[in-house]
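Shown next, in structure tokens, is the structure this report addresses.
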Amino acid sequence: MTARIGVVTFPGSLDDRDTRRAIRIAGAEPVALWHKDKDLKQVDAVVLCGGFSYGDYLRAGAIARFSPVMEPLIEQAKAGLPVLGICNGFQILTEAHLLPGGMLGNDHLHFICRDQKLRVENAETAWTGDYRQGQEISIPLKNMDGRYVADARTVDALEAEGRVVFRYLDVNPNGSLNDIAGITNEAGNVVGLMPHPEHAVEPLIGTGRTDGLPFFTSILKKLVNA
Amino acid sequence: MSRTPLDTVEHAAATPDVELPWAELGLKKDEYERVVEILGRRPTGAELAMYSVMWSEHCSYKSSKVHLRQFGEKAPESDALLVGIGENAGVVDVGQGYAVTFKVESHNHPSYVEPYQGAATGVGGIVRDIIAMGARPVAVVDPLRFGAADHPDTKRVLPGVVAGIGGYGNCLGLPNIGGEVVFDACYQGNPLVNAGAIGVMRHEDIHLAKASGAGNKVILYGARTGGDGIGGASILASETFDDAKPSKRPAVQVGDPFQEKLLIECTLEAFAEKLVVGIQDLGAAGLSCATSELASNGSGGMRVTLDDVPLRDSTLSPEEILMSESQERMCAVVEPAKVDRFLEICEKWDVIATVIGEVTDGDRLEIFWHGGKIVDVDPRTVAHDGPVYERPYARPDWQDALQADDANKLPRPASAAELKAQVLKLVGSPNQASKKWITSQYDHFVQGNTVLAQPEDSGMIRVDEESGLGVAIATDGNGRYAKLDPYTGAQLALAEAYRNVATTGAKPLAVSDCLNFGSPEDPAVMWQFAEAVRGLADGCLQLGTPVTGGNVSLYNQTGEAAIHPTPVVAVLGVIDDVARRTPVAFQEEGQLLYLLGDTREEFGGSAWSQVVHDHLGGLPPAVDLERERLLAEILISASRDGMIDSAHDLSDGGLVQAVVESALLGGKGARLVVPDGLDAFTFLFSESAGRAVVAVPRSEELRFTDMCGARGLPATRVGVVDGAAVEVQGEFALTLDELRETHENTIPALLA
Amino acid sequence: MARVVVDVMLKPEILDPQGQAVQRALPRLGFEGISDVRQGKRFELEVDGPVDEAALARIHDLAESFLANTVIEDFVVKVEEPAEVAEAAK
Amino acid sequence: MARVVVDVMLKPEILDPQGQAVQRALPRLGFEGISDVRQGKRFELEVDGPVDEAALARIHDLAESFLANTVIEDFVVKVEEPAEVAEAAK
Ligand SMILES: Nc1ncnc2c1ncn2[C@@H]1O[C@H](COP(=O)(O)OP(=O)(O)O)[C@@H](O)[C@H]1O
Ligand SMILES: [Mg+2]
């Protein structure tokens, strides 16, 4: 038995096909979801992928957040459905208030594409079980609006509760508070991060490493063993 | 607002004496007379708008056509060519049922006026050419040239251009996998912003720009039409017909990459459902171009109702609508039974789509406005029968003096210390320095098929996930070489791009080019152009790589001063299995470095002569295309059979530049030994063509040298991958840290 | 038809690199005496019908839920007086 | 210290993809009756010293040469009245 993992396509989504490929490589079944459908097709988990939904006009993720598909998604995420937001997906999750804080333009004001080193700070979420706590990984980062901000209380709470899931190592590529690269909600089912694990699942392609694959095997194991 | 009367065809026929502003629209007197002769009457305002824009240099290639013919006449036999010159972009067979389309275009002038938007819309335009062929765009490249690196205006232009290319390409989800950044004072007022794109499709999905089948509908879809880029038409509209015109028409076009992303998706979905008979993107000359080209390439005529075009600005006149260059629009020809489904797909993607006309069984292009017929022409006369100039050309009188000013006679470093200092200076010079500050603003990873991207010798994209089939592309050009000798310069550009593709293990298949020159009205420039085209056509014939399409950009000059003649050449290659690709970076200590090819004293136009002496003179390196072909075969065989682990072609900066790049990328140094028969200076800095440096695992050395020996390619052992420095035995050593510091800090220090 | 303007600015405690970049460039351009620069967004909405209390309340909601992200941004809603525009533009 | 505001908007004839995207989203959010949206930039400059004619002229120059790209954008310079801000924010 395998798990069915949905990938939502918004207008302007870019990494939807790549994310479905990563899910397939991990051994799960990718299911394409469409932003205009108020229907999650009974998937076991959802990935909101990278891209420039609605051109990132207004604010990254701000317009996509009001898509019909977000209604059931928000409701079910609150009830425990595993949701992963990558890059633009992370931005959508903060806009939808499924994750606290917000995303702003990189502090250097440029788009940045690089192979980014991260430390796994929480290997217990639905999406990080196949990593070791403290493990260092490298996966591609590419965005314009990657600066994570939140008020001091929120950041303190995230730190105290172990909800910072990934931290940038070596360089903070965008000015994110506390070098935060990814966070989770209290229940650990909703995770958002700026770097792109789906671009690091095959040798040869991209950076040539497969450090991103455990995201997809983690969720598969969790769902199959559930 | 009353226009009395509408300038219909009947009205034009009845009022032969009305004066039209043909000169303001850029037509010459004889060209206007030719239009009158073709029509047998004076043109209507709308017809004049169409002829003037389609007969412009940009659309008709009137100055370059007589030379460009050579690309067809001298085309090599190639089984790979599926669609040649003349379509939106050429199409090449890459095997396993896949076809690849690619093309390079310029957006030079708009990028100088408004760097961000000019460059952004340049990317938008070339990508639409690729979609129009039926392909999914899979990558972009951006050969760029700017004025002096430390000139204040470069700081205005470059960051804007780079942000614009990134802003548009990143938002479309196209990995940027290669390009060039060159600084030279000659481009000060005329930066060159060239952009290339590649697309992939199955053979059966190739689409052409033609409208056939009477009754088929013409659908305009994408952005609404605004008053973009219609300077000429506004003159026409206001002066001749209507003085109540708003004068405000945008001077600059703003791109909407989000809209274009939707266009890509809905077009590909329509293709997949076989809904499209013919398709054309709207670029320069907008609807004038799309309707006349679709109609003239098809079997019948076309009737268009201009009132049905969705507008962004309701005050536009019909002439302006016909000439508008608003971005992110496409035109499709669809059978009546499939129109509903086509419109449904557009709606799914929130793309505005409107039936604006239909294919007729006549042979006229007829356009209506407010019930009156304002255009009635033979579309071929608009699209294909533009003027052709035989512009005079002559070798400039300064060419001999330039070539006599021999760079080989420049003072050379007198000591090891001086040699070392010059190496450091070269590696940190703006043209040789790392372009990471620029290229890290581009997404290299999106689509998940990028095998190689900058700073590799060529970009490489996986086409088939199962078989590992891939394509590679490299773009090159060297205006300094071309200035010294345009014929050889063009061949050197071709040779370098060809070599760059082969260095990564791919087999070069076909060529696209972007020819950037000064004013064709200057016989010296025209000579440069003629020589460059001749050189490129001869070179492509010899290498067996047909030119599949390209672009000409003329008038790149400020006053009397033209840019260096700058033919930029893109070579496309194919690799059976991307797992066999060869990277630039040194992989393992202990591997042996072999220099392939012959090294001669060749410093004309070299990076060394520029960086150390600020000199341009003499002759460029000699070209030997047979040698290039042999080198390519060796590099491809060696990659396929696992005999080499890294390779880097030698070009500007010579051997030392290449070795430093491989060392820095791999984080491993090299110990070099100057081979017998060469002095250290020539060994390090010469720019002789037809060379590469490869790293051979010791276990493969014999097999590799035997292969080179058997095929007659000189292969000289020049060192070993080792340590944390680049050392030239008996001369000097530079640590990787030291090299990295200079190589990587130059560009940020100038621009950040 | 009337115009309503929504100004959206980053909350004061949030770093504004765009504003800072502008400010840093000022001395180079020969401008002294500007101690802080912040950059935000301005939305001009053309409203059909009268801009009464009810309409403004709706636009306030729109700004709060959509035009601004109140986690990081503050906003202000104003009715634009035609006279003011002309005055300022002079 | 006084605040001078520079509003920068795309010229009316220039395509504003951002504003359009916002406008197209409005019906989905249940907002009707807004016929056009344009999105621009707002700069808030804190000026040391008096904001007299001379200071305004200098800021005008700054806006023209730096804050706005006058090839595609128009701008307006205003002195912000403290009262006005409070009023609008309420
Ligand atoms: N504007 C650019 N965009 C993308 N890649 C670039 C750009 N400029 C340079 N590069 C990349 O940087 C690398 C080095 O460039 P260059 O020195 O011109 O290569 P070469 O001399 O081998 O042709 C290449 O991979 C090239 O594709
Ligand atoms: Mg190279």
Side-chain angles (χ1 to χ4, degrees), chain C residues 1-10 12 16 18-19 21-23 25-26 28-51 54-56 58-63 65-67 74-81 84-90, chain D residues 1-10 12 16 18-19 22-23 25-26 28-51 54-56 58-67 74-81 84-90:
Chain C
M1 219 172 60
R3 173 179 295 175
V4 177
V5 172
V6 180
D7 288 328
V8 176
M9 301 298 293
L10 283 175
D16 171 17
Q18 288 188 311
V22 171
Q23 201 194 333
L26 294 181
R28 245 195 298 127
L29 299 170
F31 285 92
E32 305 288 330
I34 292 179
S35 60
D36 192 26
V37 180
R38 311 248 331 146
Q39 178 175 339
K41 296 176 195 156
R42 172 185 168 88
F43 298 90
E44 295 183 352
L45 314 179
E46 305 300 331
V47 181
D48 307 332
V51 182
L56 275 179
R58 278 163 22 91
I59 291 176
H60 192 278
D61 286 352
L62 176 67
S65 61
F66 184 56
L67 298 180
D74 293 327
F75 67 92
V76 170
V77 177
K78 297 192 256 199
V79 183
E80 181 122 305
E81 309 294 334
E84 182 190 331
V85 185
E87 167 65 13
K90 76 152 192 250
Chain D
M1 218 173 61
R3 174 177 296 174
V4 177
V5 172
V6 180
D7 287 326
V8 177
M9 301 297 293
L10 283 171
D16 173 13
Q18 309 222 41
V22 170
Q23 197 198 338
L26 295 181
R28 255 193 294 126
L29 301 175
F31 284 92
E32 306 287 332
I34 291 179
S35 62
D36 192 25
V37 179
R38 309 244 339 143
Q39 178 176 337
K41 296 177 198 154
R42 172 184 170 89
F43 296 90
E44 295 182 352
L45 315 179
E46 306 301 332
V47 182
D48 306 332
V51 182
L56 276 179
R58 277 161 25 88
I59 291 175
H60 192 277
D61 286 352
L62 175 68
E64 184 156 33
S65 59
F66 189 61
L67 299 179
D74 291 329
F75 66 91
V76 171
V77 177
K78 295 192 258 198
V79 183
E80 184 121 303
E81 309 294 336
E84 181 191 331
V85 184
E87 166 66 12
K90 72 149 196 248

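Chain identifiers are assigned alphabetically (A, B, ...) following the order of the sequence lines, protein sequences preceding nucleic acid strands; residue numbering begins at 1 within each chain.
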Exercise. What distance do C:Q39 atom CD and D:L67 atom CG have between them, rounded to the nearest 0.5 Å?
Worked result: 8.5 Å
Problem set entry | chain C contact via D:L29 - which portion, at a heavy-atom distance below 4.5 Å | side chain
For this session: Go through the atoms of C:D74 and report whether side chain, backbone, both or neither lie under 4.5 Å from a heavy atom of chain D.
Result: neither
For this session: Identify which part of D:Q18 has an atom lying under 4.5 Å from any heavy atom of chain C, answering side chain, backbone, both or neither.
Result: neither
Exercise. Quick one: do D:K78 and D:E80 make a salt bridge, cutoff under 4.0 Å?
Worked result: no
For this session: With side-chain contact (heavy atoms from CB on, under 4.5 Å) as the test, would you mind laying out the steps for D:L45 and D:L62 before giving the verdict?
Result: CA-CA 11 Å; D:L45 315 179; D:L62 175 68; 4.2 Å; yes
Problem set entry | Exercise: identify the closest heavy-atom pair between D:F31 and C:R58 | CE2-O, 3.1 Å
For this session: Output the option from D:V47, D:L26, D:D7, D:I59 having the highest count of non-hydrogen pairs under 4.5 Å with chain C.
Result: D:D7
Exercise. Checking C:L56 against chain D: side chain, backbone, both or neither under 4.5 Å from a heavy atom?
Worked result: neither
Problem set entry | Minimum heavy-atom distance C:A55-C:P50, with the two atoms named | CB-O, 3.7 Å
For this session: Looking only at non-hydrogen atoms, find the nearest pair between C:V37 and C:D16 and report the distance.
Result: O-OD2, 4.1 Å
For this session: Identify which part of D:F66 has an atom lying under 4.5 Å from any heavy atom of chain C, answering side chain, backbone, both or neither.
Result: side chain
For this session: Under 4.5 Å, counting heavy-atom pairs only, tell me which of C:Q23, C:M9, C:E44, C:R42 racks up the most with chain D.
Result: C:R42
